[in-house]
Each structure stands twice: as structure tokens, then as C-alpha cells.
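Structure record follows, encoded as C-alpha cells.
In each ligand, atom 1 is the first atom listed, and ligand 1 is the first ligand listed. These numbers come from the heavy atoms of this one structure, side chains and all, not from hydrogens, waters or symmetry mates. For reference, positions follow the sequence shown, starting with 1.
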Amino acid sequence: MTEINTKSQSDCEIVVAELDPDFKFEIANEPGGENILFCFQCGTCVAVCPVAAKNPEYDPKKIIWMALLGLREKVLSSKAIWLCSTCYSCYIRCPQNVKITSVMSAIQNIATREGHVHSSYEAGLKMLEETGRTVELSEFENQKREKLNCPPIVENAESTKKILNVTRKLKEKIKDKSQGDEK
Ligand code: SF4
Ligand code: SF4
């Protein structure tokens, strides 16, 4: 996968002939991506982003800027688009209501359809198939729930298996891609 150098926008090499002016509309037509065109590059999102604070390679403002410019391949094939932790810190603070968390998911959905899936998703998918959950369940969680008078969480993979069977194409895409990443 391509690395987006997000240290500064001026570091980004732009080949005009490779720009896709329709990319922003493609994202805007994807569920969750509708408000990308409202971004006026104020930088609030990157200022409050906990991932950007720890990882200088991640900059949601720059990803949106590159998408608006039409750097389609660079954006879709980058690892950076998978780094958003969906914490929603930017979502509630963006003055333009861009809904960056949802925009990032919309970009990830387009990337997935084109086979650009981060290999870490394979582990999550395996766990989902085996347990019906993407996060491991330990006794600790249920002990805490018991203290709060909440019912225990029971692993049940049946319904997720049915969904995964319907979406098997996605699974195959992830497997193919992660095998490609290992080569
Ligand atoms: S906070 Fe909103 S308007 Fe400002 S750069 Fe981020 S997405 Fe764009
Ligand atoms: S939702 Fe994603 S982009 Fe926004 S602040 Fe959280 S990690 Fe950063």
C-alpha cells in the first residue's frame, strides 16, 4: 500500500494529468461522504485528532484536501485512510459539518471495492466469523457487567456467519489483498 506523506501539504507531489476531478463527487455519492465538499481546510479536525497527535503521518485534513484535488489513486491506496479510530472528536467540532469520520468510512468503502484493504482487517474478519465479535471477550467484561446489573455478553457467531456468507466477495477480496501485502 502507498504511504501518504502527510507531514505537510507542500510535500505532496501532484501530477496534473493524474488528477480525477470527479473523485470528490464519487465520495459525496457514497453514504457518509455527502459533506466532503463543505471542507474549507480550517484544520480543526487535525488539531483535535488523537491519532494525528501520536502519528505525524496521519492528517485527516490533508486526506480530504487530496480527495478534493482528485488524487484518487494516492488516497485509495494509502495506509493512512485506515488509521482513523472513529473517535468522532473531529466530527462534533468541524465548523462545516463535514462529518469526517463518515467521510473516512466512505473513502474506505470505495478503497475496499477496489481491493485496497488494509491487511489488519483480515484478523478482525476472522474473529468476527469465529465469535461474532471484533473485540475479544474475556471474563473481565462480564464480571464488570454483572456488577452493573447488565446481562452477560454471549458469543454468537451464527448471524454474523450468515451475513459473511452473503458478503463472501468482500472476504475473498481482503484475503487476496493481505496475501499480496505479505509478498
Ligand atoms: S474541521 Fe472540517 S472544515 Fe476544517 S479542515 Fe477538517 S473537515 Fe475541513
Ligand atoms: S474520527 Fe478519525 S479523523 Fe476524526 S479525530 Fe477521531 S481518529 Fe481523527
Side-chain angles (χ1 to χ4, degrees), residues 1-16 18-128 133-137 141 167 170 173-174 177-178 181:
M1 278 191 183
T2 310
E3 289 277 12
I4 289 183
N5 181 347
T6 55
K7 281 178 188 154
S8 78
Q9 286 179 190
S10 58
D11 290 339
C12 183
E13 182 188 320
I14 297 169
V15 180
V16 175
E18 290 174 4
L19 296 179
D20 180 349
D22 292 331
F23 186 40
K24 54 183 175 292
F25 302 120
E26 188 181 349
I27 297 170
N29 282 327
E30 188 75 18
E34 296 86 353
N35 292 1
I36 188 170
L37 300 175
F38 300 158
C39 176
F40 59 14
Q41 291 284 292
C42 69
T44 303
C45 51
V46 65
V48 299
C49 176
V51 178
K54 290 283 173 200
N55 183 350
E57 297 298 314
Y58 183 66
D59 182 339
K61 168 178 161 267
K62 184 171 179 185
I63 291 171
I64 291 182
W65 173 75
M66 290 172 72
L68 292 174
L69 259 184
L71 290 160
R72 190 176 190 281
E73 274 315 301
K74 267 205 168 80
V75 171
L76 295 184
S77 63
S78 84
K79 283 182 187 165
I81 60 170
W82 301 98
L83 294 178
C84 172
S85 68
T86 61
C87 72
Y88 285 86
S89 297
C90 58
Y91 192 101
I92 56 170
R93 292 181 175 90
C94 172
Q96 290 291 89
N97 195 28
V98 170
K99 301 184 176 172
I100 306 120
T101 322
S102 306
V103 168
M104 217 55 84
S105 297
I107 294 173
Q108 289 169 356
N109 286 342
I110 299 170
T112 301
R113 284 202 293 273
E114 303 210 355
H116 297 297
V117 185
H118 197 276
S119 52
S120 62
Y121 272 64
E122 195 192 6
L125 190 60
K126 192 163 175 275
M127 180 166 273
L128 191 62
R133 298 171 53 83
T134 53
V135 179
E136 204 171 349
L137 179 65
E141 281 85 8
T167 56
L170 168 67
K173 222 170 215 181
I174 291 172
K177 187 62 197 159
S178 54
D181 285 350

Handout entry: For I36 against V98, the heavy-atom pair lying closest together
Key = CA-CG1, 4.1 Å
Handout entry: Check: Q108 side chain, I81 main-chain N or O, donor-acceptor pair, under 3.5 Å
Key = yes
Exercise for the section: For F40, take its heavy atoms, then give the atoms of ligand 1 lying under 4.0 Å from any of them. Expected result: 3 (S)
Exercise for the section: Just jot down the ligand 2 atoms closer than 4.0 angstrom to any heavy atom of C49, in number order. Expected result: 5 (S), 7 (S), 8 (Fe)
Completion exercise
Among non-hydrogen protein atoms, atom 4 (Fe) of ligand 2 lies closest to C90 SG, 2.2 Å
Handout entry: Distance, nearest 0.5 Å, that separates SG of C45 from CD1 of I64
Key = 5.5 Å
Exercise for the section: Look up atom CZ in F23 and atom CG in L76, then write down how far apart they are to the nearest 0.5 Å. Expected result: 4.0 Å
Practice task
Report yes or no: does C87 have an N/O/S atom closer than 2.8 Å to atom 6 (Fe) of ligand 2?
Solution key: yes
Practice task
Measure from atom 2 (Fe) of ligand 2 to each N, O or S atom of C45 and report whether any distance is below 2.8 Å.
Solution key: no
Practice task
Check for a donor-acceptor pair, side chain of N35 on one end and backbone N or O of K99 on the other, with a separation under 3.5 Å.
Solution key: no
Practice task
State the atoms of ligand 2, each with its element, that fall below the 4.0 Å cut-off from a heavy-atom position in V51.
Solution key: 7 (S)
Handout entry: Side-chain heavy-atom pair E26, R72 within 4.5 angstrom cut-off
Key = yes
Handout entry: ligand 1 atoms in contact with T44 (distance to a heavy atom under 4.0 Å)
Key = 1 (S)
Practice task
Please name the pair of heavy atoms, one in F38 and one in N97, separated by the smallest distance, quoted to 0.1 Å.
Solution key: CD1-O, 4.4 Å
Handout entry: Interfacing atoms of ligand 1 (cut-off 4.0 Å, heavy-atom, Q41)
Key = 5 (S), 8 (Fe)
Problem - ligand 2 atoms in contact with S85 (distance to a heavy atom under 4.0 Å) - result: 2 (Fe), 7 (S)
Exercise for the section: Might you point out which heavy atoms bring T134 and G124 nearest each other, and give the distance in Å? Expected result: CG2-O, 4.2 Å
Exercise for the section: State if Y91 counts as touching ligand 2 under the rule of any non-hydrogen atom under 4.0 Å. Expected result: no
Problem - N, O or S atom of C42 closer to atom 2 (Fe) of ligand 1 than 2.8 Å - result: no
Handout entry: Atoms in ligand 1 flagged as close to I100, the criterion being non-hydrogen separation under 4.0 Å
Key = 7 (S)
Problem - Atom pair NZ/CD of K61 and Q41 - distance to nearest 0.5 Å - result: 5.0 Å
Exercise for the section: Considering heavy atoms of the protein only, find what lies nearest to atom 2 (Fe) of ligand 1 and give residue, atom and distance to 0.1 Å. Expected result: C94 SG, 2.3 Å
Handout entry: Proximal atoms of ligand 2 relative to T101 (non-hydrogen, under 4.0 Å)
Key = 1 (S)
Practice task
Please determine if E30 and R113 form a salt bridge, counting it only when a charged side-chain N lies under 4.0 Å from a carboxylate O.
Solution key: yes
Practice task
List every atom of ligand 2 that sits less than 4.0 Å from any heavy atom of P50, numbering the atoms from 1 in the order shown and giving each element.
Solution key: 5 (S)
Exercise for the section: Mark yes or no for whether E34, through its side chain, and G32, through its backbone, hold a donor-acceptor pair below 3.5 Å. Expected result: yes
Fill in the blank from the handout: When distances are taken from atom 3 (S) of ligand 2, the protein heavy atom at minimum range is Y58 OH, 3.3 Å
Exercise for the section: Please write down residue, atom name and distance for the protein heavy atom closest to atom 8 (Fe) of ligand 1. Expected result: C39 SG, 2.4 Å
